[in-house]
Asks: 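Pasting in a structure now, in structure tokens, and then I'll have a few things to ask.
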Amino acid sequence: MLNRQGRPSTAGEAGTTEHPTFTGNKALAQIEPLIFEFGRTDTTGVDLDEPEAFTPRLGGMERKDAIGLPGLSEPETMRHYVRLSQMNYGIDTGLFPLGSCTMKHNARLNERMARLPGFSDVHPLQPVSTVKGALELMNELARYLVTLTNMTTVALSPKAGAHGELCGMMAIKAAIEARGEGKTRNVVLVPDSAHGTNPATAALIGFVVKPVPARDDGWVHVDDVKKLLGPDVAAIMLTNPNTCGLFENQVSEIAKAIHDAGAYFYCDGANFNAIVGKAKPGDLGVDAMHINLHKTFSTPHGGGGPGSGPVVLSARLAPYAPVPFVTVKDGELTLVEHEEDAAETPFGRMTAFHGQMGMYVRALSYMLSHGSDGMKQASEDAVLNANYIRASLSDLFSQPFGDKPCMHEVLFDDTWLKDTGVTTLDFAKAMIDEGYHPMTMYFPLVVHGAMLIEPTESESKVSLDLFIATLRDLAFAAKNGDTARFTGAPYHAPCRRLDETRAARNPVLKWTPPAPIAEAAE
Ligand SMILES: *Cc1c(COP(=O)(O)O)cnc(C)c1O
């Protein structure tokens, strides 16, 4: 069977083929080839005049062959991209239960605000006198972030959580060097359950990473930390709430032990969504923490950004905050752009310009529209929703750290799938057939077959009930031996199971035209 591009249809791969169609499409579910397979190099959607005779100035470097770009008409181009977008799964199409990621609804209000020309059209090289409104917004956002965390200052410019980690750890490094201990304090403690970016960040700037072993209750214990402390330890990187969905119940003791040993407490604040308005990291002894604006304070994310990872700093680290930053001079807001213009001792600069203006606007719009009571309620609802899922599934699914309440995300392991022939991966694939994006799988690594579910505060009870009913139906099917529903899944997705190992080890990054049909037949 050939599809509308005269190519053997791949429709059989996507879902059941009880009633195959000529095109391979299934009503509004349209298959879509690559633009290179579909476009024609001999046509184009625009008519360009032949350039008048000119002498190339490329000294023999000019292209000899046709450029080979796919030509499509305007409607074909539009349909191609719209169809691709319809194959996507996003928070606008359904519940997105990824744990450690806070995929929540982002109100359109925040999008509207970010598109106001006074914010969206500012140029980073505009004279400061013409962008006072933007500076005021940054200053106001900084005030909110510092207040919500009870910290001294904030570096707004980092462009993602991982970039914020780098910023915070560079401030710690600068502080240690200023103490003359740059050569001797070179160890960073990172619990086994940490996000991979934590050890990567520490290693990137030359620290030696020492793991804090995982315990079977999911918490980091102050005794384990103390055993590792010494004059060589620069910092601990601790996530709180942690990636097991638990609030670190010894966090204050850990902070004290770290400080007593002359080290700094870096907190991975990616899970701030669970505690905004409830707990302030500054009160817990944190010296530096990144905030993923794109997780906690609006901004659609996933698929590569853009993100924004401001870093709040304690009084001990504030002098090392990088340029640029907003400050008040002669009663007016202005920017400190260069290290030599700063009153303190910035460690340098993280970005060419000032950071992600659009994310700042969305974040402040989120904060202002929620108010302080609303932000607190969002945290409470996020935790309530996760516990609702936990309680509704705990008779079927197994929890690795006992049947205790969680924060904003609930962690299950795969003990309950033992002897069913179904793995965590199979289970996740079957969720795709049910129209759900899978939860975070196999993370944290310390839990076997981990399934980490974060519903967020923005899901209604009705939508949670359907999600829970779906997971229960799947769980019964797995326990009752309907293995095929899982091991062959997804049956209904545009792509079936991919060879993920091969894709990672042997990625094909370039499209090569297929051999002409006549040749292939020989
Ligand atoms: C998301 C996340 C990060 C990294 O943040 P990015 O913005 O993706 O760079 C770090 N730690 C934890 C726990 C996270 O969830």
Side-chain angles (χ1 to χ4, degrees), residues 100-102 104-107 109-110 113-114 135-158 160-161 163-165 167-168 171 238-242 247-248 251-252 255 265-299 301 307-318 321 325-326 355-357 359-384 407-409 454 456-458:
S100 201
C101 211
T102 311
K104 64 185 177 187
H105 167 66
N106 291 289
L109 170 72
N110 309 336
M113 295 302 111
L135 294 191
E136 192 169 336
L137 182 128
M138 289 164 73
N139 198 48
E140 192 63 357
L141 175 66
R143 193 171 71 81
Y144 269 73
L145 292 175
V146 161
T147 307
L148 286 169
T149 54
N150 193 21
M151 300 287 274
T152 301
T153 194
V154 58
L156 285 178
S157 62
H163 202 210
E165 289 174 33
C167 174
L238 187 71
T239 308
N240 192 35
N242 69 23
F247 190 91
E248 288 293 355
V251 62
S252 301
F265 178 3
Y266 184 90
C267 182
D268 181 327
N271 295 333
F272 196 39
N273 198 51
I275 58 169
V276 176
K278 302 290 287 183
K280 295 183 173 183
D283 298 344
L284 304 174
V286 169
D287 291 302
M289 181 180 95
H290 72 265
I291 297 166
N292 303 59
L293 292 188
H294 49 288
K295 292 181 184 173
T296 305
F297 297 111
S298 196
T299 284
H301 70 109
S308 181
V311 179
V312 285
L313 298 167
S314 67
R316 304 163 76 206
L317 294 180
F325 51 81
V326 181
Q356 312 281 47
M357 194 64 205
M359 315 299 102
Y360 300 163
V361 181
R362 287 175 178 88
L364 189 66
S365 172
Y366 174 93
M367 290 167 170
L368 292 174
S369 56
H370 276 72
S372 62
D373 55 338
M375 283 192 273
K376 182 169 167 227
Q377 193 190 332
S379 302
E380 288 170 351
D381 290 350
V383 174
L384 180 65
M407 294 298 291
H408 62 310
E409 54 193 354
E454 180 181 353
T456 81
E457 72 280 6
S458 55

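Note that the numbering runs from 1 along the sequence shown for the chain. Both backbone and side-chain heavy atoms feed into the values below; hydrogens, waters and symmetry mates do not.
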Asks: According to salt bridge (charged side-chain N to carboxylate O under 4.0 Å, His left out), does anything in residues 367-376 pair up with another residue at least two apart or in another chain? List the pairs.
Replies: none

Asks: Test your reading of the model: is there a side-chain donor-acceptor pair from Lys104 to the backbone of Thr296, 3.5 Å cut-off?
Replies: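 Side chain of Lys104 to backbone of Thr296, a donor-acceptor pair under 3.5 Å: yes, one is there.
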
Asks: Is the backbone N or O of Leu148 less than 3.5 Å from a side-chain atom of Asn150, with the two atoms forming a donor-acceptor pair by type?
Replies: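 Side chain of Asn150 to backbone of Leu148, a donor-acceptor pair under 3.5 Å: no, none is there.
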
Asks: Taking the side chain as C-beta and beyond, is there a heavy-atom pair between Phe272 and Pro281 under 4.5 Å?
Replies: yes

Asks: Going by atom types only, do Glu457 and Asn273 share a side-chain donor-acceptor pair under 3.5 Å?
Replies: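 Per modelled atom types, Glu457 and Asn273 side chains form a pair under 3.5 Å.
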
Asks: For Val326, enumerate each residue passing the side-chain contact (heavy atoms from CB on, under 4.5 Å) test, keeping only those at least two apart in sequence or located in another chain.
Replies: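 With sequence neighbours excluded, Val326 shows a side-chain contact (heavy atoms from CB on, under 4.5 Å) to Leu135, Met138, Asn139, Leu333, Leu335, given in chain and number order.
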
Asks: Nearest 0.5 Å, please: how far is OG1 in Thr299 from CG in Asn106?
Replies: 6.5 Å

Asks: Looking at Gly168 and Val311, what are the two nearest heavy atoms and their distance?
Replies: CA-CG1, 4.0 Å

Asks: Might you point out which heavy atoms bring Leu317 and Ala171 nearest each other, and give the distance in Å?
Replies: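 Between these two residues, the closest heavy atoms are CD2-O, 3.9 Å.
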
Asks: Go through it in stages, so that I can follow the logic: the residues are Met289 and Phe265, the test is side-chain contact (heavy atoms from CB on, under 4.5 Å), and I'd like the CA-CA distance, side-chain angles, deciding distance and then a yes or no.
Replies: CA-CA 9 Å; Met289 181 180 95; Phe265 178 3; over 6 Å; no

Asks: Where is the tightest heavy-atom contact between Leu293 and Met359, given as atom of each residue plus distance?
Replies: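 Heavy atoms of Leu293 and Met359 come nearest at CD1-O, 4.2 Å.
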
Asks: Which atom pair, heavy atoms only, marks the closest approach of Pro241 to Met407?
Replies: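 That closest heavy-atom pairing would be CB-CG, 3.9 Å.
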
Asks: A side-chain contact here means heavy atoms from C-beta on lying under 4.5 Å apart; do Ser252 and Leu284 qualify?
Replies: yes

Asks: Would you please name every residue forming a salt bridge (charged side-chain N to carboxylate O under 4.0 Å, His left out) with Glu140, sequence neighbours left out?
Replies: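 For Glu140 the salt bridge (charged side-chain N to carboxylate O under 4.0 Å, His left out) partners, ignoring immediate neighbours, are Arg143.
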
Asks: What's the separation between atom CG in Asp283 and atom OG1 in Thr149, rounded to the nearest 0.5 Å?
Replies: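 Atom-to-atom, Asp283:CG and Thr149:OG1 are 9.5 Å apart.
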
Asks: What are the two closest heavy atoms between Arg362 and Ser298, and how far apart are they?
Replies: O-CB, 4.0 Å

Asks: Testing the basics here: between Gly161 and His294, what is the closest heavy-atom pair and its distance to 0.1 Å?
Replies: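 The answer is N-CE1, 4.0 Å.
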
Asks: If you measure from CE on Met151 to CD1 on Ile291, what distance do you get to the nearest 0.5 Å?
Replies: 8.5 Å

Asks: Within the structure provided, determine whether Cys101 and His301 are in side-chain contact (heavy-atom separation under 4.5 Å).
Replies: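 Side chain of Cys101 against side chain of His301, heavy atoms only: contact under 4.5 Å found.
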
Asks: Less than 4.5 Å apart, side chain to side chain, heavy atoms only: is that true for Thr456 and His105?
Replies: no

Asks: Can you tell me how far the CZ atom of Phe325 sits from the CG atom of Leu156, to the nearest 0.5 Å?
Replies: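 Rounded to the nearest 0.5 Å, the CZ-CG separation comes to 11.5 Å.
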
Asks: Output the distance between atom CD (Glu248) and atom SG (Cys267), rounded to the nearest 0.5 Å.
Replies: 9.0 Å

Asks: What pairs with His290 under side chain to side chain donor-acceptor pair (under 3.5 Å), at least two apart in sequence or on another chain?
Replies: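 Counting only residues at least two positions away or on another chain, His290 forms a side chain to side chain donor-acceptor pair (under 3.5 Å) with Tyr266, Asp268, Asn292.
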
Asks: Output yes when a side-chain donor or acceptor of Asn271 lies under 3.5 Å from a complementary backbone atom of Asn240, and no otherwise.
Replies: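 No: the side chain of Asn271 does not pair with the backbone of Asn240.
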
Asks: Any side-chain heavy atom of Leu141 sitting closer than 4.5 Å to one from Met367?
Replies: yes

Asks: Could I get the full list of ring-ring contact (aromatic ring centres under 6.0 Å, His included) partners for His370, not counting sequence neighbours?
Replies: Tyr366

Asks: About how many Å separate CD of Gln377 and CG of Leu384, when rounded to the nearest 0.5 Å?
Replies: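 The CD atom of Gln377 is 10.0 Å from CG of Leu384, to the nearest 0.5 Å.
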
Asks: Does the side chain of Glu454 pick up a donor-acceptor pair with the side chain of Thr102 at under 3.5 Å?
Replies: yes

Asks: Taking side-chain contact (heavy atoms from CB on, under 4.5 Å) as the test, write out the residues that go with Leu368, two or more places apart.
Replies: Tyr144, Leu364

